[in-house]
Amino acid sequence: MKLWRVNFLSFRIVKGLIFGVIVFAFSQLNAQNSLPQRQLDNMTQNYTLSNVDSLSIDKRLYHVSSFLESAFLSEKDSLIYKGLRQKTWLLSKAKQYDSAIVYSNQLYDLARQNRDTFFITNALTKLGLYNKKNNDLAESFKYYNEGFKISRISNDKVKMGRNLLQMANIQTSLGDYSGSKTTAIDGVTYLEGTSDLRNLAGLYHIISVANLEQKNYKEAFKYNVQALALGKDSISKNTIGIKNMLIFKNTKALILANQGSYQTAITILETLALNTIVQQDKREYSRVLSNLGYIQWLEKKDNKNSETILLTARKIRKEIHDVQGLIGSNMYLTKYYLDKDKTKALEYAETAYQNAKKWNSLTSILKALGYIFELREATNKEAKEFKQIHTELREANQSNREIYAVTRYENDKLTNENLILKAETARKERQQVIYLFSTLFVFLIGGVVFYLYRQRLRREKIREVYNAEARISKKLHDELANDVYQVMMQMQNDQNDPGVLDKLEEIYNTTRDISREHNSFKTGEEYATELNGMLSSYSTNGTKIIIKDIDEINWQAINPEKKIIVHRTLQELMVNMKKHSHAELVAITFKKTPKGVVITYADTGVGVAAEEIIYSNGLQNTENRIKTIGGSFIFDSAKGKGFKAKINFPN
């Protein structure tokens, strides 16, 4: 009896999602300006055309190959991933499985190089699928097993269950029903409790098929009921979910037929044959007809209708080149004619043998050879082949069992390690609680220290304000109060004394200088204008101020703190000039250098002796200010030779 196997993994991406991903990926690439716009547009067009269903597969492959070529030139891994995934899918669609495997290996190598777990598992799944379609079941099993191991490390139970489903399907194809049942049961343990009901139903179906082939019909029926129940819960409007339910019903009919309930099985298959979804898929329709014709013959050996149905199913399979299906049809017809017409039976057995060799199905080759031996004397060559195939099949199943046995051992070991790890984690969590409280205590102490430090700074700031007010008060007393008192005395002695007006003007200028020393200024876009204004304000009839290249400096690139220090430093120099130098000419030059800004000050005043400079509080304060911004203050002066200073600071 022909059984249906369920393959739930699909590599076809929903079109709407594809185009959304394309637009996002290329917009991100464009935003980075990493590729010329023309090349970017060309890549986008090629990828889009590779998704157009109305184009032939060859044209779509041409477009994705062009896209992939540009992706490799761009050295953008995200684009190379996209191109390789699309090309492998199209090659599979074109049934060019050898090429699909080659490009899937490229995807796998790139993902391993980047240690990208997502694309590693994606590549392994592709390699498993394409090797399976290419009838290299041993290779396919190996890749699905690798995918299972990686998913186990990341504890992705859904992917673990899906990989085990594929592995169990392969073991069923190879006739290793004990192995497939063990693998599927392991898969159930991972998918139970998840939302992936469809693949869980598939695992129950594999267990059901394994029990059916082992003639354990009671267990087969029990798991088939579970598969149908889950399939009903997971069914949706998509065709895959509906087809899976039809597959489960087909298996139910075969189980019932093996239990002797032929009429119930026939009713199920007749209902399936009338289903529009089954009729639209010739491969599945011919499978239902083939099973229906065979079970009708089992119920009634002289049922001529069964022969017609079996031949119709075989004809459909021949028309659509369904080699795997033809194996089943020819085997059914061999059984049908076995007691009626041995010549026809042998003919169909030999055809089944040729189909099985073409499909590289070892189990089917053995079954076909068994009937050939029964119907005629086997040649020495055929006998050797039978023995060889039997050995190969046994070795393949043994190899698969050993591969997964090691993985199961590793899995059990990992489970034990996880238990130890949990105990260790609990111990570490206790330590972390202690560390947490210790850290909180340290932060608390740190917070208190920081608060006290802030309070100290606040007090120092208050003291600075007080000292500044005291200096201003002293200036007002020393420089203004005495002068005002002198004017008052002059006016009391002689109100018409002409010196009174001159003294009042001097008081006004002194007041203006004090205000200018302590007023605020802007550090934004208007900084250069304000600085220029401040320097120019010291110009009088007896003193000429020359300011050169102040606008050549990019003041916007200099932070406000540096601007304040530059302003105060130059103001200090100008005040000193006004009070002590009596210079007729002052030149201030601004120069931009690769490392910063250089300001040169020079006047033609009386100068100052070196020992007086050393003990000058004003100049010492100026030098300290410049040092705080990583700069330097160099001055040069001598009695009667004026005063020079060079200010240098990084911008």
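For clarity, every value in this text was computed on a predicted model and none was experimentally measured.
Counting non-hydrogen atoms of other residues, nucleotides and ligands closer than 6.0 Å to CD of E319 gives a total above 12. For Y143, the OH atom counts as densely surrounded, since its 6.0 Å shell holds more than 12 non-hydrogen atoms of other residues, nucleotides or ligands.
Not one N or O on the side chain of T194 forms a donor-acceptor pair closer than 3.5 Å with the backbone of Y190. Put simply, the side chain of N224 gets close to the backbone of F248: a donor and an acceptor are under 3.5 Å apart. A donor-acceptor pair under 3.5 Å is formed between the side chain of N105 and the backbone N or O of I101. A donor-acceptor distance shorter than 3.5 angstrom exists from the side chain of N211 to the backbone of I207, with no hydrogens or angles considered. Listed for the T363 side chain is a donor-acceptor partner under 3.5 Å among the backbone atoms of S173. The main-chain N or O of L326 is found under 3.5 Å from a side-chain atom of N330 such that the two form a donor-acceptor pair. Put simply, the side chain of Q166 never gets that close to the backbone of Y144: no donor and acceptor are under 3.5 Å apart. Proximity of a side-chain donor or acceptor of N131 to a complementary backbone N or O of L127 within less than 3.5 Å is detected. Without hydrogens or angle criteria, S208 side chain to A220 main chain gives a donor-acceptor distance under 3.5 Å. The backbone N or O of V64 lies less than 3.5 Å from no partner atom in the side chain of S50, so there is not a single donor-acceptor pair.
Rounding to the nearest 0.5 angstrom, the gap separating the CG atom in L369 from the NZ atom in K357 is 8.5 Å. Within the model, atoms NE2 of H205 and OG1 of T172 stand 9.0 Å from one another, a figure rounded to the nearest 0.5 Å. Interatomic distance, W297 CH2 to Y336 OH, rounded to the nearest 0.5 Å: 9.0 Å. For the atom pair OG (S65) and CG (L91), the distance works out to 7.5 Å, reported to the nearest 0.5 Å. Note that CG of N355 and NZ of K318 are 9.0 Å apart. Values are rounded to the nearest 0.5 Å. One distance of note links NZ of K126 with OH of Y108; it measures 15.5 Å at 0.5 Å rounding.
Residues A352 and A368 share a closest heavy-atom pair of C-CB, 4.1 Å. Of all the heavy atoms in Y332 and S290, the pair that sits closest is CD1-OG, 3.0 Å. The two residues L90 and L61 come nearest to each other via the heavy atoms CB-CD2, 3.6 Å. Minimum heavy-atom separation, N305 to Q296: ND2-OE1, 3.5 Å. Annotation for L203 and L164: closest pair CD2-C, 4.4 Å, computed over non-hydrogen atoms. The two residues A100 and S92 have their closest heavy-atom pair at CB-N, 4.2 Å.
Residues E347 and K344 are not paired through a salt bridge, judged by the lack of any N-O separation under 4.0 Å between the basic side chain and the carboxylate. A salt bridge is absent between K304 and E307; no separation between the charged side-chain nitrogens and carboxylate oxygens falls under 4.0 Å. Salt bridge present: R162 and D196 bring a charged side-chain N and a carboxylate O closer than 4.0 Å.
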Between Y204 and K222, does the side chain to side chain contact (heavy atoms under 4.5 Å, CB included) criterion hold? Intermediate values first, please. CA-CA 9 Å; Y204 282 133; K222 182 182 81 173; over 6 Å; no

Dump the intermediate steps for side chain to side chain contact (heavy atoms under 4.5 Å, CB included) on R317 and Y285, then the final yes or no. CA-CA 10 Å; R317 284 169 162 172; Y285 181 57; over 6 Å; no

Would N122 and T125 count as a side chain to side chain contact (heavy atoms under 4.5 Å, CB included) if you check the C-alpha gap in whole Å, the side-chain angles of each, and the deciding distance to 0.1 Å? CA-CA 5 Å; N122 182 254; T125 304; 5.6 Å; no

Given the rule in the side chain to side chain contact (heavy atoms under 4.5 Å, CB included) test, do L49 and R60 qualify, once you have shown the distances and angles that lead to the verdict? CA-CA 6 Å; L49 288 170; R60 293 170 73 179; over 6 Å; no

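Side-chain contact between V209 and L254: absent, with no pair of heavy atoms (C-beta onward) separated by less than 4.5 Å. Inter-residue side-chain proximity for S99 and K87 is flagged as unmet; no heavy-atom pair is nearer than 4.5 Å. At a threshold of 4.5 Å between non-hydrogen side-chain atoms, the residues Y47 and Q86 count as touching. Between L191 and K157 there is no side-chain heavy-atom pair separated by less than 4.5 Å. Taking the side chain as every heavy atom from C-beta outward, F119 and L110 never approach each other to under 4.5 Å. Between S151 and N163 there is a side-chain heavy-atom pair separated by less than 4.5 Å. Counting heavy atoms from C-beta on, the side chains of K76 and Y81 never come closer than 4.5 Å. Between K252 and I268, the closest side-chain pair of non-hydrogen atoms falls below 4.5 Å.
Side chains of Q39 and S70: a donor-acceptor N/O pair is absent below 3.5 angstrom, by distance only. Residues K181 and Q214 have side chains that bring a donor and an acceptor to within less than 3.5 angstrom of each other.
Seen from the ring of F148, K159 does not count as a face-on cation partner, given the 6.0 Å and 45° thresholds.
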